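Following: one structure in structure tokens, then a few remarks.
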Amino acid sequence: MVSSRADPARTSPCEPVMTRSTRPTGTESEEPHLRRAVCPGSFDPITNGHLDIIARASRLYDTVHVAVMINQSKKGLFDIDERIALIEEVTADLGNVRVESFHGLLVDFCKQHDIPAIVKGLRAVSDFDYELQMAQMNIGLSGVETLFVPTNPAYSFLSSSLVKEVAQWGGDISHLVPPPVLEALNARLRQQ
Ligand code: PNS
């Protein structure tokens with residue numbers, strides 16, 4: 001599902017430039033021409049807000065890795081494989097998205113995959129404090145940059161937790177998640 005869309009002629013100021021000095025060394029450094037970024041998260045499940053950020057990142061980078069965090073201390077509604085399968089299904093048409101799980105530090109995942117940039121959505125000012133702390137920690141740990149993308153206002157209130165809560169009580173979330181996620185959520189909630 002990964003396709004290379006490297007185009008050295010592109011000169012938009014929005015495009016991050018990878019140089020040898022900013023690119024971490026890692027197992028994928030044999031493809032140094034590819035501009036990579038990661039969109040990390042729990043994705044339990046992926047929402048239209050996540051998808052909007054991933055789609056926008058996929059237009060700025062050659063390959064976007066969606067990294068699904070494994071949190072052993074928190075049981076989600078969907079297990080990691082189910083989350084990955086849903087993300088793969090709803091990002092398939094983008095053509096340059098790879099979906100993987102990780103545990104431990106995000107910067108170690110970045111190093112392993114030779115990824116110099118983390119792309120995150122900012123929904124509101126309330127997101128900013130913690131996101132800034134993480135971004136500063138991550139660049140301090142490893143030199144990996146964080147780029148913030150303003151969330152589409154249509155999704156500024158949206159989170160996986162709220163979607164699950166509303167769905168649990170029969171609220172309409174069909175405009176907030178992609179159709180395969182809606183189907184999976186309804187099926188899972190019927191089982192409970
Ligand atoms: O969807 P979420 O739960 O808000 O995502 C949070 C996530 C996965 C992006 C964040 O918790 C994370 O990066 N965890 C990996 C562990 C790590 O690197 N911690 C140090 C961050 S400074």
Side-chain angles (χ1 to χ4, degrees), residues 16 22 24-27 36-58 60-61 63-91 97-152 154-168 173 176-178 180-181 184-185 188:
T22 58
T25 54
T27 56
R36 295 190 179 85
V38 61
C39 294
S42 304
F43 301 105
D44 185 36
I46 186 170
T47 67
N48 284 344
H50 294 129
L51 190 53
D52 176 58
I53 299 298
I54 295 166
R56 287 157 68 190
S58 86
L60 295 172
Y61 289 89
T63 302
V64 171
H65 295 247
V66 176
V68 183
M69 181 179 66
I70 300 171
N71 183 350
Q72 266 130 0
S73 62
K74 197 171 161 196
K75 189 175 161 12
L77 184 62
F78 295 99
D79 68 29
I80 295 294
D81 289 341
E82 290 170 327
R83 295 180 210 181
I84 288 176
L86 284 171
I87 301 167
E88 281 178 343
E89 184 173 354
V90 302
T91 58
V97 173
R98 281 169 64 158
V99 190
E100 286 137 332
S101 63
F102 79 104
H103 63 94
L105 290 178
L106 179 60
V107 291
D108 288 338
F109 178 89
C110 291
K111 186 171 183 187
Q112 197 184 345
H113 295 278
D114 197 10
I115 297 170
I118 300 164
V119 175
K120 290 269 191 96
L122 276 186
R123 288 169 297 192
V125 176
S126 52
D127 279 346
F128 186 71
D129 272 356
Y130 187 49
E131 290 296 344
L132 181 65
Q133 281 177 25
M134 286 199 285
Q136 289 169 330
M137 177 63 83
N138 284 333
I139 196 165
L141 283 172
S142 69
V144 173
E145 288 284 3
T146 301
L147 287 94
F148 294 118
V149 176
T151 295
N152 180 331
Y155 305 130
S156 60
F157 58 91
L158 187 52
S159 70
S160 299
S161 317
L162 272 185
V163 158
K164 285 183 282 190
E165 188 175 329
V166 172
Q168 206 159 15
I173 52 153
L176 303 177
V177 294
V181 175
L185 255 174
R188 181 58 42 90

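One-based numbering, in listed order, for ligands and for the atoms of each. Quick caveat, the model's predicted, so the values are computed rather than measured.
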CA sep, side-chain torsions, deciding dist, call: S159, R123, side-chain contact (heavy atoms from CB on, under 4.5 Å): CA-CA 10 Å; S159 70; R123 288 169 297 192; 3.5 Å; yes

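- Taking each heavy atom of P40 and K120 in turn, the nearest pair found is CG-CE, 3.6 Å.
- Near ligand 1, residues P40, G41, S42, M69, F102, G104, L105, L106, K120, M134, M137, N138 come within 4.0 angstrom through at least one heavy atom.
- For I46 against V177, the heavy-atom pair with the smallest separation is O-CG1, 4.1 Å.
- Listed here is the closest heavy atom pair of G121 and T151: C-OG1, 3.9 Å.
- In this structure, H113 NE2 and D108 CG are separated by 10.5 Å, a value rounded to the nearest 0.5 Å.
- Here the closest heavy-atom approach between residue R83 and residue M69 is recorded as NH1-O, 4.3 Å.
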